[in-house]
Amino acid sequence: MKAGRWSWSGRTTRWAGAVAVLALVLPSQQVAAGATAGPASSVTGYAGLTGAQRANLLSIARDTWRFYSVDVDPATHLPLDNVTFAGGSTTPTGYGRYTSAANIGVYLWAVVAASDLGLISRPQARARIQATLGEVASLKRFDGFLYQWYDTTTGHVIRNPGDIDCTGETTPAFDNCFFISNVDNGWYASGLIVVREAMPELARLVDGLIAPMNFGIFYDGRAETHCNTNPAIAGNQPTGQMYGGYYAGLPPDSGDNWTHYYHNGALYSDPRISAYIGMGMHQMPGNVWWRSWRELPPPAPFPDCQSTDPDFSWQGQWPMPVSWQSYTDPQSGQRFTVWEGHYVYPGSGLTFIPTFGGGMFEGLMPDEVVPETSWGTRSFGLADVRTAAVQIKYATGQLHYPVWGMSPSSTPDDTGGYGGYGVEGLAFPYYGTGADASHPNLGLSQCHGCATEDVVTPHASFLALDVAPQQAYANIQALRTLYPGVYGADGFFDAVNPATGAVGHRDLVLDQSMIMAALDNALENRALQRDFARDPVSWAARTYLSAETMSIR
């Protein structure tokens with residue numbers, strides 16, 4: 001993304017780039033006095049798997065947990081980004097000795113899941129978490145937030161994997177030595193919250209790490225208009241949204257720093273974890289929920305917006321059915337006009353909310369901890385169900401693959417590459433900015449040409465266990481049966497080309513931890529979701545998910 005341009009997606013750090021965020025620094029706040037935790041009973045009980053299926057999934061969890069014995073650096077107790085088993089080797093052939101805030105956060109999920117599933121004892125889990133968080137407490141941080149990349153052997157901030165040690169770069173610059181990722185720190189905070197509730201004996205340690213964190217730095221609190229953007233601000237910015245990150249020492253309101261920043265404007269993507277937590281900690285107002293976009297909208301329905309609001313007719317489906325709705329914010333009482341459009345799967349009545357690049361984890365990863373399917377049955381919980389349905393329908397019906405599940409993952413080889421795979425609907429007509437009622441775009445993601453559709457990753461099937469248990473289970477079994485090389489001693493490898501059978505013999509801590517979290521929720525009655533529900537920050541997710549009714553019903 002070029003400087004000064006917007007980005008509507010929430011990409012994880014693995015899509016790497018020195019990108020940043022425009023932020024308004026607010027006073028540090030804790031969860032407001034009187035905020036109450038939600039009862040675990042507010043999370044709907046999980047059902048849909050037979051005893052034999054559960055036993056098989058537990059065996060996969062047991063194999064997957066073995067990965068962490070080689071993934072965690074014994075000196076620093078930090079999780080490595082990835083481990084390679086080239087050619088399907090039973091022992092590692094390469095190590096990605098670097099890590100990120102997201103990697104640390106989801107590793108915490110995995111340890112809690114291993115304890116819940118009986119794969120390790122509670123004292124063992126506690127010792128692992130204490131060792132990791134003890135190291136995290138010693139890492140260089142910015143107001144409690146973690147930087148983009150760390151060397152797992154030294155704990156030092158590094159500019160990029162294999163790049164320079166940032167101890168030698170002392171003057172703030174627009175690079176990853178000073179970049180604080182919004183979404184990655186959202187996942188880090190989610191891991192801390194899960195630990196705080198799953199292991200109350202570690203709450204004091206966790207609270208000490210959370211206390212300095214203020215998600216308000218990722219919120220653009222400048223003046224809003226009733227339009228989608230504010231043309232009075234340089235760059236015609238969509239105020240009231242979150243930003244992708246923050247450059248330490250380079251505030252966005254100084255000089256032309258704003259040209260290095262972008263907004264996470266697409267709410268149905270993985271950065272919404274930071275909105276749940278930021279609002280839950282009373283560090284972002286409810287505006288961020290209503291001002292962010294479910295789909296990239298047409299000009300707002302007011303005369304003065306027609307010439308200043310951006311033209312999004314290039315997106316995957318345009319035009320969309322019109323559905324402007326008015327909502328009253330539960331906290332402020334302010335009224336917001338929200339575009340509640342939807343995409344329609346071509347030739348069917350299947351309506352859904354698109355992600356930016358069509359990847360499964362963009363849509364479903366937050367549901368691993370936030371009980372979207374329980375609290376958002378008319379909003380993002382329903383969107384999660386429809387995302388899985390679109391993935392299944394397109395891969396099997398349009399591409400004629402025997403398996404489904406596209407999401408950013410390793411390339412299907414042993415080069416160590418990584419790709420932005422997703423269901424974009426490239427097989428359907430696309431007219432770009434020439435789209436109109438007579439020639440509508442028919443893609444399945446917001447972006448066109450941002451991903452390819454030739455790789456399936458196992459973690460996508462596990463994410464779908466919460467919304468389509470039988471279909472997800474059948475797909476997990478099909479992956480093992482049709483592509484036996486995709487499964488090793490440490491569980492599933494990261495990627496397979498369904499047409500050629502080529503496998504990427506690499507395990508990523510991010511993806512393996514999504515698998516562990518999904519299995520904990522499926523086998524232990526949504527245990528991680530119930531941990532989050534018990535925490536005081538959960539009030540915001542519970543409130544806002546239930547307040548909205550999307551047009552995909």
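All residue numbers in this chain count up from 1 along the given sequence. Computed from a prediction, not measured in an experiment: that's the story for all the values here.
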- request: Determine whether Y150 and I158 make a side-chain contact, defined as any pair of heavy atoms from C-beta on separated by less than 4.5 Å.
  value: no
message: So, taking the atom named CD1 in I552 and the one named OG in S323, what distance separates them when rounded to the nearest 0.5 Å?
response: 11.5 Å
message: If you apply the rule side chain to side chain contact (heavy atoms under 4.5 Å, CB included), what do you find for T355 with S269, and how did you get there?
response: CA-CA 6 Å; T355 60; S269 193; 5.6 Å; no
message: Quick check on the 6.0 Å ring-centre criterion: do Y394 and F428 meet it?
response: yes
query: Do W293 and W339 have ring centres separated by under 6.0 Å?
result: no
- request: Measure up the Y147 and F142 rings against each other and bin them: parallel (under 30°), tilted (30 to 60°), perpendicular (over 60°).
  value: perpendicular
field: I273 side, atom CD1; I193 side, atom CD1 - distance, nearest 0.5 Å
entry: 7.0 Å
- prompt: Between W290 and Y544, how do the two ring planes meet: parallel, tilted or perpendicular, split at 30° and 60°?
  reply: tilted
query: Are the charged groups of D384 and R272 less than 4.0 angstrom apart, N to O?
result: yes
field: Student check: side-chain heavy atoms of M242 and S292 closer than 4.5 Å
entry: no
statement: One should read off an interatomic distance between M516 CE and Y107 OH, to the nearest 0.5 angstrom, of 10.5 Å
task: Answer yes or no: is there a side-chain heavy-atom contact under 4.5 Å between E372 and P366?
output: yes
query: Under 3.5 Å, is there a donor-acceptor pair between the side chain of D81 and the main chain of R97?
result: no
message: Any side-chain to backbone donor/acceptor pair from N257 onto P251? Under 3.5 Å, distance only.
response: yes
query: Are F352 and K393 close enough that some pair of their side-chain heavy atoms sits under 4.5 Å apart?
result: no
message: Please check: side-chain N/O of Q471 versus main-chain N/O of I392, any donor-acceptor pairing under 3.5 Å?
response: no
- request: Any chance you could lay out the side-chain hydrogen bond (donor to acceptor under 3.5 Å, both in side chains) test for H342 and E295, step after step, and finish with the verdict?
  value: CA-CA 7 Å; H342 57 250; E295 312 80 29; over 6 Å; no
message: Centre-to-centre under 6.0 Å for H505 and F85, is that the case here?
response: no
message: Are L528 and W109 packed together at the side-chain level, in the sense that at least one heavy-atom pair is separated by less than 4.5 angstrom?
response: yes
- request: Sort and list the pairs that fulfil salt bridge (Lys or Arg N to Asp or Glu O under 4.0 Å) and have at least one residue in residues 434-461, not counting sequence neighbours.
  value: none
query: Hey, mind stepping through E548 and W289 against side-chain hydrogen bond (donor to acceptor under 3.5 Å, both in side chains) and telling me if it holds?
result: CA-CA 10 Å; E548 183 170 5; W289 186 264; 3.1 Å; yes
- request: Determine the interplanar angle of the F462 and F492 rings, folded into 0 to 90°, and report it as parallel if under 30°, tilted if 30 to 60°, perpendicular if over 60°.
  value: perpendicular
query: Once you round to the nearest 0.5 Å, how far does CZ of F67 lie from CG of N82?
result: 7.5 Å
- prompt: Between P408 and H459, what is the shortest heavy-atom contact and its length?
  reply: O-CE1, 3.3 Å
message: Quick check against the 3.5 Å criterion: does T93 have a side-chain atom that pairs as donor or acceptor with the backbone of A86?
response: yes
query: Does the gap between the ring centers of F178 and Y246 come in under 6.0 Å?
result: no
Qualifying salt bridge (Lys or Arg N to Asp or Glu O under 4.0 Å) pairs, either residue in residues 461-473, two or more places apart: D466-R526
query: Just by modelled atom types, is the M279 backbone N or O under 3.5 Å from a matching donor or acceptor in the Q283 side chain?
result: no
message: I want to check something: taking the side chain as every heavy atom from C-beta on, are Q529 and V370 in contact at a cut-off of under 4.5 Å?
response: no
query: side chain to side chain contact (heavy atoms under 4.5 Å, CB included) between V455 and V496: does it pass, once the steps are laid out?
result: CA-CA 6 Å; V455 172; V496 62; over 6 Å; no
query: Is there a donor-acceptor contact under 3.5 Å from the side chain of E362 to the main chain of G359?
result: yes
- prompt: Could you walk me through whether L463 and E368 pass the side chain to side chain contact (heavy atoms under 4.5 Å, CB included) check?
  reply: CA-CA 7 Å; L463 290 177; E368 293 302 283; 3.7 Å; yes
task: Applying side chain to side chain donor-acceptor pair (under 3.5 Å), name anything that partners R159, two or more places apart in sequence or on another chain.
output: D163
Main-chain N/O of A232 paired with N230 side-chain donor or acceptor, under 3.5 Å: yes
message: So which atom in L382 and which in R553 form the shortest heavy-atom distance, rounded to 0.1 Å?
response: CD2-CA, 3.8 Å
query: Can any side-chain N or O of S274 pair as donor or acceptor with the backbone N or O of N182 at less than 3.5 Å?
result: yes
Criterion side-chain hydrogen bond (donor to acceptor under 3.5 Å, both in side chains) on Q317 and Y430, from CA distance to verdict: CA-CA 8 Å; Q317 285 199 17; Y430 177 75; over 6 Å; no
query: Does the ring of Y268 carry R294 above it, NZ/CZ under 6.0 angstrom from centre and within 45° of its axis?
result: no
message: Quick check: W187 with F361 (ring centres under 6.0 Å apart)?
response: no
- request: Just do the side chain to side chain contact (heavy atoms under 4.5 Å, CB included) check on Q148 and S100 with the steps written out, would you?
  value: CA-CA 6 Å; Q148 185 84 332; S100 68; over 6 Å; no
query: Mind checking what makes side chain to side chain donor-acceptor pair (under 3.5 Å) contact with N228, not counting sequence neighbours?
result: D309
- prompt: Which atom pair, heavy atoms only, marks the closest approach of R291 to T229?
  reply: NH2-N, 4.4 Å
field: Under 3.5 Å: donor-acceptor pair, side chain of S445, backbone of C447
entry: yes
task: Please identify each residue that fulfils side-chain contact (heavy atoms from CB on, under 4.5 Å) with A499, with sequence neighbours left out.
output: N497
- line: Scanning both residues in full, the closest heavy-atom pair of R222 with T239 reads O-CB, 3.6 Å
query: Should E224 and N287 be marked as a side-chain hydrogen bond (donor to acceptor under 3.5 Å, both in side chains) after you check the CA-CA gap, both sets of side-chain angles, and the distance that decides it?
result: CA-CA 10 Å; E224 299 170 12; N287 301 47; 3.0 Å; yes
- request: Report yes if the side chains of F145 and F215 come closer than 4.5 Å at any heavy-atom pair, otherwise no.
  value: yes
- prompt: Side-chain contact, heavy-atom cut-off 4.5 Å: Y345 with L444?
  reply: yes
task: Name all residues meeting the side chain to side chain donor-acceptor pair (under 3.5 Å) criterion together with Y327; count only those two or more places apart in sequence or in a different chain, and write none if there are none.
output: Q325, E340
- line: Tightest non-hydrogen contact, residues P79 and T99, listed as O-OG1, 2.8 Å
- prompt: Going from CG on L545 to OG on S379, what distance comes out if it is rounded to the nearest 0.5 angstrom?
  reply: 4.5 Å
task: Ignoring hydrogens and angles, state whether a donor on the side chain of W404 or N475 is under 3.5 Å from an acceptor on the partner side chain.
output: yes
field: Minimum heavy-atom distance between P498 and V403, given as atom pair plus value
entry: CB-CG2, 4.1 Å
task: To the nearest 0.5 Å, tell me how far S410 OG sits from D507 CG.
output: 8.0 Å
